[in-house]
**Student:** 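Got a structure for you, questions after.
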Amino acid sequence: MEGGGDMGLVEWCRELPKIELHAHLNGSVRDSTLLELAKDLGEKGVIAFADVAHVIMKNGRSLPECFKLFDLYHLLTTDHQTVTRITKEVIEDFAAENVVYLELRTTPKKNEAKGMTKCSYMKAVIDGIRAVDTVDVDFVTSGTSNVNCSEATPLNCIGSPIKRKKIYVRLLLSIDRRETTAAALETVNLAMDLKNFGVVGIDLSGNPVIGEWQTFLPALKHAKELGLPITLHCGEVPNHKEIQAMLDICPQRIGHACFLVEEEWKRVKFLKIPVEICLTSNIRTGRFSSIYDHFFADLYKAKHQVALCTDDSGLFSTTLSNEFYLAASTFGLNKDEMFLLARSAIQSTFADDEVKHELTKIYDDAANRLI
Ligand code: 6MZ
């Protein structure tokens with residue numbers, strides 16, 4: 001008999017301990033926070049609030065519309081204090097959904113007008129993690145030393161490691177496809193400098209019709225040489241030359257993969273590259289006309305390693321619990337299968353063995369309750 005007592009599927013999906021591997025910080029900001037920030041900037045005369053409010057609240061956006069919206073988000077979240085605030089809130093929101101391990105990705109940004117460097121942006125993110133108070137956070141992997149932004153003041157306030165258990169937070173630094181080779185290399189070097197502060201890898205993201213693969217390749221190769229795991233937004237548009245080139249570097253994971261063709265899937269399966277699957281995001285941005293056409297079912301049947309993810313929980317008004325519910329109700333997975341699916345994401349994390357072991361224990365404990 002199936003476990004989980006009388007719990008309905010929605011509640012069960014929420015109770016299920018979950019691992020989030022594909023979440024963009026600025027895409028996960030609460031609508032209420034965006035509206036508050038927009039109102040504030042409206043009062044200061046920086047933006048016209050009335051024009052912005054309905055854009056924030058709009059549902060169902062095409063991919064190009066999403067990227068326009070990110071430019072607006074970035075306008076609202078440009079200063080250090082706001083970056084700290086949104087980081088704190090995003091982590092609290094994921095924890096409230098019973099996410100036990102979160103790999104949060106963000107693009108370190110320079111903003112001269114605000115005295116922001118890529119390094120000081122990351123310091124603001126780390127401050128946000130430390131500010132979380134509604135839940136215990138484990139985010140520092142090791143070490144107690146302070147980090148220095150070479151061009152700025154030392155980050156003395158980063159301080160000593162916190163070792164509490166509830167949600168594990170790790171960071172991926174994103175290279176935006178609009179960036180130059182030099183900026184991408186700076187991000188990789190920064191990731192290396194922040195390895196002791198929870199940074200576990202590199203992501204390539206941004207508008208998929210912008211930028212050339214050759215621009216990012218030196219930075220991604222550099223990350224490989226440094227031993228930093230890589231995840232790539234791969235095949236968000238049907239650019240098969242780029243998809244091939246991406247698979248050539250054997251990334252540790254890929255995300256989206258909406259436009260891969262059979263030969264490319266064969267390679268992904270042969271190389272055993274785990275796939276981050278963002279159902280709601282893919283449907284909302286029109287990558288598939290129906291959720292039943294999504295490749296999830298094919299990969300699942302082939303027992304290929306997949307992880308359900310939210311992508312931009314704020315932008316697409318979703319939660320990881322909802323993504324699990326969607327997969328279960330669409331593809332007919334039962335609770336046992338859903339539990340194993342959630343648990344199997346442990347293997348795809350960029351976490352160290354100790355964290356993987358702790359996550360395994362969390363699932364062992366939950367198994368008694370849920371299946
Ligand atoms: C590609 C995406 C994305 O980094 O400012 N981003 N890139 N495809 C997607 N699918 C819809 N969703 C988000 O978070 C926002 C940034 O993440 C990337 C974009 O570069 C966007 O500007 P951060 O925290």
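Whatever order the structure lists them in is the order used to number ligands and atoms, beginning at 1.
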**Student:** Could you tell me how the ring of F296 sits relative to the ring of Y300: parallel (under 30°), tilted (30 to 60°) or perpendicular (over 60°)?
**Tutor:**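 Correct class here is parallel.
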**Student:** Looking at Y325, I want to see if its OH is surrounded by more than 12 non-hydrogen atoms of other residues, nucleotides or ligands under 6.0 Å.
**Tutor:**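 Not more than 12 within 6.0 Å, no.
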**Student:** So do M246 and I254 actually touch side chain to side chain, heavy atoms under 4.5 Å?
**Tutor:**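 Side chain of I254 against side chain of M246, heavy atoms only: no contact under 4.5 Å found.
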**Student:** Distance to 0.1 Å, residue and atom name: give those for the protein heavy atom nearest to atom 12 (N) of ligand 1.
**Tutor:** D312 OD2, 2.7 Å
**Student:** Which heavy atom of the protein is the closest neighbour of atom 22 (O) of ligand 1, given with residue, atom name and distance?
**Tutor:** H74 CE1, 3.1 Å
**Student:** Just which atoms of ligand 1 are under 4.0 Å from any heavy atom in F70?
**Tutor:**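 Matching atoms, with element in brackets: 6 (N), 12 (N), 13 (C), 15 (C), 21 (C), 22 (O).
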**Student:** Side chains of F316 and C278: closer than 4.5 Å at any heavy-atom pair?
**Tutor:** no
**Student:** Enumerate the atoms of ligand 1 whose separation from the nearest heavy atom of L63 is less than 4.0 angstrom.
**Tutor:** 11 (C)
**Student:** Tell me the protein heavy atom at minimum distance from atom 9 (C) of ligand 1, and give that distance in Å.
**Tutor:** E236 OE2, 3.5 Å
**Student:** Determine, using heavy atoms of N207 and all atoms of ligand 1, whether some pair is separated by less than 4.0 Å.
**Tutor:** no
**Student:** Within a reach of under 6.0 Å around NZ of K68, are more than 12 heavy atoms found that belong to other residues, nucleotides or ligands?
**Tutor:** no
**Student:** Any nitrogen or oxygen of S281, side chain or backbone, less than 3.5 Å from one on ligand 1?
**Tutor:**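 Not met; the criterion fails.
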**Student:** To the nearest 0.1 Å, how far is atom 20 (O) of ligand 1 from its closest protein heavy atom, and which atom is that?
**Tutor:** G206 CA, 3.3 Å
**Student:** Tell me which part of Y73 gets within contact of ligand 1: side chain, backbone, both or neither, using heavy atoms under 4.0 Å.
**Tutor:**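 No part of Y73 is near ligand 1 at this cut-off.
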**Student:** First locate atom CD1 of I277, then atom CG of L326, and finally report the distance between them rounded to the nearest 0.5 Å.
**Tutor:**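 Nearest 0.5 Å value for the CD1-CG distance: 11.5 Å.
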**Student:** Hey, could you give me the NE2/SG distance between H256 and C309, rounded to the nearest 0.5 Å?
**Tutor:**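 Here the rounded value is 9.0 Å.
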**Student:** Tell me if the CD atom of Q81 is crowded by more than 12 foreign heavy atoms within 6.0 Å.
**Tutor:**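 Incorrect, the count does not exceed 12.
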**Student:** Show the atoms of ligand 1 that are less than 4.0 angstrom away from any heavy atom in N26.
**Tutor:** 5 (O), 14 (O), 15 (C), 23 (P), 24 (O)
**Student:** Can you measure from CD1 (I19) to CD (Q347) and round to the nearest 0.5 angstrom?
**Tutor:** 10.0 Å
**Student:** Look at ligand 1 and say whether H256 reaches it with a heavy atom at a distance under 4.0 Å.
**Tutor:** yes
**Student:** With under 30° as parallel and over 60° as perpendicular, where do the rings of Y363 and F339 fit, or are they tilted in between?
**Tutor:** perpendicular
**Student:** Over 60° means perpendicular and under 30° means parallel, so tell me whether F216 and W213 are parallel, tilted or perpendicular.
**Tutor:** perpendicular
**Student:** Run the numbers for me: atoms of ligand 1, each under 4.0 Å from some heavy atom of H233, listed by number.
**Tutor:**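 Contacts of ligand 1 toward H233, numbered from 1: 1 (C), 7 (N), 8 (N).
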**Student:** I'd like to know if D311 contacts ligand 1, where contact means a heavy-atom distance under 4.0 Å to any ligand atom.
**Tutor:**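 Checking ligand 1 against D311, which is what was asked, there is a heavy-atom contact under 4.0 Å.
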**Student:** Quick check on contacts: which atoms of ligand 1 are under 4.0 angstrom from a heavy atom of L25?
**Tutor:**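 Checking each atom against L25, I get 24 (O).
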**Student:** List every atom of ligand 1 that sits less than 4.0 Å from any heavy atom of T107, numbering the atoms from 1 in the order shown and giving each element.
**Tutor:** 4 (O), 23 (P)
**Student:** Numbering the atoms of ligand 1 from 1, which are under 4.0 Å from a heavy atom of D176?
**Tutor:** 20 (O)
**Student:** Using a 3.5 Å cut-off on N or O atoms only, is T106 in polar contact with ligand 1?
**Tutor:** yes
**Student:** Can you pull out the closest protein heavy atom to atom 6 (N) of ligand 1? Residue, atom name and distance to 0.1 Å, please.
**Tutor:**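 Looking only at protein heavy atoms, the one closest to atom 6 (N) of ligand 1 is H24 CE1, 3.4 Å.
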